[in-house]
Structure formats: structure tokens, C-alpha cells
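In what follows, chains carry the letters A, B, and so on, assigned in the order in which the sequence lines appear, proteins first and then strands, with residues in each chain numbered from 1.
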There are 2 protein chains.
Amino acid sequence: MRAEALKGHLDGLLLATLEDGPQHGYAVKEALRDATGGRLDLPTGTVYPALHRLERAGLIKGDWSVVGGRRRRTYELTEQGRRSLAGARDHWQEFAAVISAALGGGLWPATN
Amino acid sequence: MRAEALKGHLDGLLLATLEDGPQHGYAVKEALRDATGGRLDLPTGTVYPALHRLERAGLIKGDWSVVGGRRRRTYELTEQGRRSLAGARDHWQEFAAVISAALGGGLWPATN
DNA sequence: TCCAATACGTAGGGTTGCTACCTATAGCGA
DNA sequence: TCGCTATAGGTAGCAACCCTACGTATTGGA
């Protein structure tokens, strides 16, 4: 996975991993890796700042806790975050359709 | 179309529009707009610098000419550019699959 | 004792597309 | 003639954002 391709799509991915319940940052990173068969293994320097950004934007809400002697910041979606996730999915569908149409050479959007 | 979403995918789109024959910059911009039903209408400040970048990278080759009193720079794919386009298509397929898997909520890749 | 895994973080940089602006010609309508 | 639009090219500077490279700390196994 070329890295820079992710630009502008990361936020939706992070929100999606929080959809099924609260997670702490490190778990989000692992969930994303597992959901993609290891093909999307983000560095922590990408994940943590992005989560901070989402929290500042009011899309997620974090709380500190301590588990097994390690401090954790557990995040959950806000109502606004849930709406944003839905928007991100819509946007992705359109974006993918547009790129596929223009890039050509592919079977897209799977015409039948 | 959110703007930053395009990051890292523009080069492939430009190469794809040159696949069926040489085009000048302005025509590339219009071809892209038409191929996407107007949904991808790039500003010239995006297209021209990107073409310069591709030429510097050796993926396309440009030549000046004058048509109807207007100077044109006509670009065509190099052999390297053709390979790069193929790579961009492969990369896009994988990228789209990964994002779709992680983003969820969607019918992807259009299972039937 | 040392290292990996877990868990969090920041500083700085590089890439890249966009905004805003500029030049110039052809052609049309007022 | 004047002004506007379409065509055709260009640049400077900015902002977003993800990555690299670090740093801290704890737990637990080799």
C-alpha cells in the first residue's frame, strides 16, 4: 500500500473501527490491520495524531483509564462522528466510482 | 468531490487520459471532466503542474506546437509512463479493496 | 538481563493539490 | 471598438496530512 494514497480517507477508516464500540488507539491500529489482512498497517505516528484531530473536531470522545498497569485512552464515536462516518461512506462510493471511471482499464463498477 | 481525497491518485488519471493518444494539457483537463460526467473538473493550477511533474519523471513527453494561433504543448506517454499506468491501475484496485474492506457499510466490490 | 509487545506521544519534513493570480489569442455580441 | 468567453499556457504560496524518527513507560517472556 503506497502510503500517500490514503490522504483524505484515513478519518473515515478510524471512525469505522469505532462504530462497533469504544476502542483505544492501539487497538484501533490493530483492528485496521486485521480488517485488511495486514495490508493497512499504519504507523503510530499516523494513528495517534489522527485520533487527536478527530477528537478536536468533535467526532470522537476520549477517556483515560488504566488497564494492566498501562494507561489507555479509549475513544467512542459521538453523534456527530456517526453522521460523519455515514458521509465518509457516501463520499467514498462516489470517489471510487469517479476514479474508476477516469482510470479505466478496470471492471468498474462491476457492470454485471 | 472533496479535494484532498485525490492525493496520490491524480498521476494515474492523467496518464490514463493520454493512453489513447497524445493530448495537450487543456484537452486532458476536459477529457477528465467529460469522462466523469463533470464530477472531476480540475483547476488548471492542478493540471499543469502535475503534467510538468510527470514529464520531469519521464512518464510523459511533451512537444510544443502552434494550432490556430495558440501555442500548445502536446504530451504523449513514454514506455515508462505506460508501465506506470498499469501499476497505477493495479494499485488502485488494491487500494479500493482495502479501503472498502476497512470502511465497511458498503457492497463491495459489488458482489453481483 | 535484555528484548518484544503494548500503549502513548511529539517534532519536523515532504508531497501534493488548490487558490489566486498572470499572459495571450480567437471569436462573438453589443 | 469594447468587453466577454473560451482556449491555452503558466507560477507563487499555502494548507492539509501522513510519515519518519524519535521519546517515555510498563509488562512479561527468553
Nearest of dG9(D), dC8(C), dT16(C) to any side-chain atom of Arg72(A)? dC8(C)
Quick one: label Gly45(A) by what it contacts on the DNA or RNA (base, sugar-phosphate, nothing), any heavy atom closer than 4.0 Å. base
When rounded to whole Å, the CG to C1' distance for the pair Asp34(B) and dA6(D) reads 14 Å
If you measure from CG on Leu14(A) to CG on Leu103(B), what distance do you get to the nearest 0.5 Å? 10.5 Å
Please confirm whether the shortest side-chain N or O distance from His24(A) to OP1 or OP2 of dT6(C) is below 4.0 Å. no
When rounded to whole Å, the NZ to C1' distance for the pair Lys29(B) and dG17(C) reads 14 Å
Please pick, from dG9(D), dT19(C), dC18(D), the nucleotide with the shortest atom-to-atom distance to any side-chain atom of Arg53(A). dC18(D)
Should the ring pair Phe95(A) and Trp92(A) be called parallel, tilted or perpendicular, given that the plane angle runs from 0 to 90° and is split at 30 and 60? tilted
Of the options dA5(C), dG9(C), dG17(C), whose atoms approach the side-chain atoms of Asp11(B) most closely? dG17(C)
Can you tell me which nucleotide in dG9(D), dC18(D), dG9(C) comes closest to the side chain of Leu10(A)? dC18(D)
So, does His52(B) get its side chain near the phosphate of dT11(D), meaning an N or O under 4.0 Å from OP1 or OP2? yes
Ranking dG9(D), dA26(C), dT15(C) by distance to the side chain of Arg70(B), first place goes to dA26(C)
5'-most contact on DNA chain C (nearest-nucleotide basis), Pro49(B) vs Thr44(B), goes to Pro49(B)
Round to a whole Å and report the spacing from NE2 of His9(A) to P of dG17(C). 11 Å
Can a donor-acceptor pair be found, under 3.5 Å and without considering hydrogens, that links the side chain of Arg73(A) to the backbone of Gly25(A)? no
With heavy-atom distances below 4.5 Å as the criterion, would you say the side chains of Leu32(B) and Val47(B) are in contact? no
Classify the nucleic acid contact of Arg71(B) as base, sugar-phosphate or nothing, counting any heavy atom under 4.0 Å across all strands shown. sugar-phosphate
Can you list the steps and then say if Glu19(B) with Leu85(B) is a side chain to side chain contact (heavy atoms under 4.5 Å, CB included)? CA-CA 9 Å; Glu19(B) 192 180 27; Leu85(B) 173 56; 3.6 Å; yes
Go through dT10(C), dT6(C), dC18(D) for me and flag the one nearest to the Tyr48(A) side chain. dT10(C)
Starting at CD of Gln23(A) and ending at C1' of dT6(C), how long is that distance when rounded to a whole Å? 15 Å
Rounded to the nearest angstrom, tell me the gap between atom CG in Leu42(B) and atom C1' in dT19(C). 14 Å
Whole angstrom value for the distance that separates P of dT15(C) from NZ of Lys7(A): 10 Å
Output the rounded distance in Å from CG (Leu51(B)) to C1' (dT11(D)). 15 Å
